[in-house]
There are 2 protein chains.
Amino acid sequence: MRVQRIGKANPAEDEAVYQAILRALLEGKLKAGTKLAETPLAAIFGVSRERIRKVLHRLGAERRLEMIPNRGARVPRPTLDDIRRVYEAHRVLEAGVLSQLVLRVDEVLLAQLDTHLEEERAAARRGDRAASVRLSGAFHVHLVEALGNPELSRILADLLSRSSVMVSVYEPAAQSICAVDEHGAIVAALRDRDLMRAIAVSREHFLHVEGRLRLDEAAASESEDLAAIFTPVKPLRRKPRSAQS
Amino acid sequence: MRVQRIGKANPAEDEAVYQAILRALLEGKLKAGTKLAETPLAAIFGVSRERIRKVLHRLGAERRLEMIPNRGARVPRPTLDDIRRVYEAHRVLEAGVLSQLVLRVDEVLLAQLDTHLEEERAAARRGDRAASVRLSGAFHVHLVEALGNPELSRILADLLSRSSVMVSVYEPAAQSICAVDEHGAIVAALRDRDLMRAIAVSREHFLHVEGRLRLDEAAASESEDLAAIFTPVKPLRRKPRSAQS
DNA sequence: CCTCCAAAAAATGTGCACATTATGCACCGC
DNA sequence: GCGGTGCATAATGTGCACATTTTTTGGAGG
């Protein structure tokens, strides 16, 4: 008699594994170039290999992993040019957002942005680097979301998530990503409904960030301890046979 | 003895099925709301159900199909608001593209655009509606590609492909999507390096197109003849048992 | 010592059998 | 007649057993 639990429909498992890997990816715990083999991951998460496989392919379709036929999944190792392109895309998109935003700014939005700027300054004053980085990205998210277009928000979120992975590779110290006063200048231009200035400031801002990118090839890493990376996540299902310390 | 051909590695099959469905989707042959069941598709294409399944999920990840757990794949039925959002995203993106383009236009690019405009006019003169629609979309593609940023080109291609599916639902006659002179006005503004005018013209252009959208709810359709839609594609592999006319 | 090649080992890809979930339909009580 | 209920049927989801491909290993030859 086989007590195997097969076909147990549990969509939550898919999602949990997906979120776990995505989170590790976004937090930079998975270094660029790391091979994500199916079997070890299945053992780590305590789920079947097919499930891992599905998640991996999904992440590949979203361009968050690099899938090579018959060779498995790897964390992408973006070129410096790749990163520049992502930044440029972000810059171009934000220019478009600003062009639309000057037509519909109101005091409510300006007040919200001012509040955000204040938070950024506060984080900078108390030297909270993590918060600074997070708020800095949030500023740009705030701008697109002001347009209320989910499509645009999604595109930006995509670009941002990509670049956050990238800075973990190329920004050695990850110091203050965005200077607050540059953000302030954008808001000021927005307040004046001055599109040309807003675009120019935003452009300078991005070029500034791009200029700080450094090629840190030394990071060979290949962090081989996949288990350690995912251990904080409790196993979703006990492996039926063996495979436990 | 089983002569089953299992595990026959043939990545081309995946791609062929993917392209076939995607093409049908882009050409509007698959009406909105149509259910894409796995088993019939497997029979039509002459491949295993797993292969269809994989392709369907991939298309779902790309948001080209709507996947509902345990209920299969359906051709998305976009709201009029959905479409407006896609158009707005395109418009915003193009504004950004233009803001970047005015900084680096040269005679070569302007000449290329002029050539393209001439093609559009020729198509319009001879009443070639299909060519007009195609060239009209190509104009906007041309603009982003001038920036040489694959990331941006991909984003635009994504938006365009989505909206082409949509117009097939909501544009009853699918008459001249973009007036050529509006495209010409954009090029003219670009030639003058007049960003504000270029953005304004582009904006008007898109609002014009958006304004033409009509809600054509009558299209209940549910085109049940999936086989007929995909028949032009020759079966990739003969089904081993039965299932042949 | 290095290079090249063959065989073993490991990892990925695929068809299939079956579990699970949804759907259609006849039946029954009200 | 009508709405809900239970069963039969169809469709989707999943584990598993392999096939295929890639990578590693281990020598033999130069």
Side-chain angles (χ1 to χ4, degrees), chain A residues 1-18 21 33-61 65-75 222 224 226 236-243, chain B residues 1-18 21 33-61 65-75 222 224 226 236-243:
Chain A
M1 123 180 177
R2 305 266 292 277
V3 277
Q4 60 173 352
R5 305 200 269 147
I6 105 178
K8 182 168 87 74
N10 195 343
E13 277 188 6
D14 284 64
E15 197 56 24
V17 173
Y18 172 80
I21 298 182
T34 306
K35 171 91 182 283
L36 291 183
E38 299 173 358
T39 316
L41 284 177
I44 290 171
F45 284 103
V47 301
S48 75
R49 188 167 71 88
E50 317 299 307
R51 214 171 276 266
I52 298 288
R53 160 170 270 276
K54 189 165 60 166
V55 170
L56 252 39
H57 278 268
R58 175 176 165 195
L59 286 165
L65 288 181
E66 187 178 357
M67 301 295 298
I68 309 175
N70 291 322
R71 305 226 357 218
R74 306 188 84 89
V75 179
E222 284 288 339
E224 67 286 341
L226 281 179
L236 299 166
R237 185 198 292 178
R238 192 62 54 182
K239 266 291 277 297
R241 49 174 176 257
S242 72
Chain B
M1 134 182 179
R2 305 266 293 276
V3 278
Q4 58 171 353
R5 305 200 270 149
I6 105 177
K8 184 166 86 74
N10 195 344
E13 276 189 5
D14 283 64
E15 197 58 23
V17 173
Y18 173 80
I21 299 183
T34 307
K35 171 89 181 285
L36 291 182
E38 299 173 359
T39 317
L41 284 177
I44 291 172
F45 284 104
V47 301
S48 75
R49 188 168 70 90
E50 317 301 306
R51 213 172 276 267
I52 299 289
R53 161 170 269 278
K54 190 165 58 167
V55 170
L56 252 38
H57 278 267
R58 176 176 165 195
L59 286 165
L65 286 182
E66 187 179 356
M67 302 293 299
I68 309 174
N70 291 323
R71 306 231 351 223
R74 307 187 83 88
V75 179
E222 285 286 340
E224 68 286 344
L226 281 180
L236 299 166
R237 184 200 293 177
R238 192 61 54 182
K239 265 294 275 300
R241 48 175 177 255
S242 71

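Since we're looking at a predicted model, the values are computed, not measured. Each chain gets a letter, A, B and so on, in the order the sequences are listed, and its residues count up from 1.
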OP1 or OP2 of [N] less than 4.0 angstrom from a side-chain nitrogen or oxygen of [X], does that happen here?
X        : N       : value
Arg53(B) : dG13(D) : yes
Arg71(A) : dT23(D) : yes
Ser48(A) : dT14(D) : no
Lys54(B) : dT14(C) : yes
His57(A) : dT12(C) : no

> Taking side chain as C-beta onward, heavy atoms only, is Ile21(A) less than 4.5 Å from Leu56(A)?
Replying inline: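 Heavy-atom side-chain distance check passes, below 4.5 Å.
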
> Do Asp14(B) and Tyr18(B) have side chains that get closer than 4.5 Å, going by heavy atoms?
Replying inline: no

Protein-nucleotide distance ([X], atom [atom1]; [N], atom [atom2]), rounded to Å:
X        : N       : atom1 : atom2 : result
Leu56(B) : dG13(D) : CG    : P     : 10 Å
Ile52(A) : dC16(D) : CD1   : P     : 14 Å
Glu50(B) : dC16(D) : CD    : C1'   : 12 Å
Met67(B) : dG13(D) : CE    : P     : 6 Å
Arg51(A) : dC16(D) : CZ    : C1'   : 14 Å
Ile68(A) : dT22(D) : CD1   : P     : 11 Å
Lys35(A) : dT24(D) : NZ    : C1'   : 12 Å

>> So Glu38(B), base contact, sugar-phosphate only, or nothing? Heavy-atom distance under 4.0 Å.
In response: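 Since only primed, P, OP1 and OP2 atoms lie under 4.0 Å of Glu38(B), the category is sugar-phosphate.
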
>> Rounded at 0.5 Å granularity, tell me how far CD1 in Ile52(B) sits from NE2 in His57(B).
In response: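 Ile52(B) atom CD1 to His57(B) atom NE2 measures 12.0 Å (nearest 0.5 Å).
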
>> Rounded at 0.5 Å granularity, tell me how far CG in Leu65(B) sits from CZ in Arg74(B).
In response: 11.0 Å

>> One thing to verify: whether Glu50(A) and Lys54(B) come together as a salt bridge, which I'm taking to mean a side-chain N less than 4.0 angstrom from a carboxylate O.
In response: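 A salt bridge is absent here (no side-chain N lies under 4.0 Å from a carboxylate O).
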
>> Which nucleotide wins on minimum distance to the side chain of Asn70(A), given the candidates dT22(D), dT12(D), dT14(D)?
In response: dT22(D)

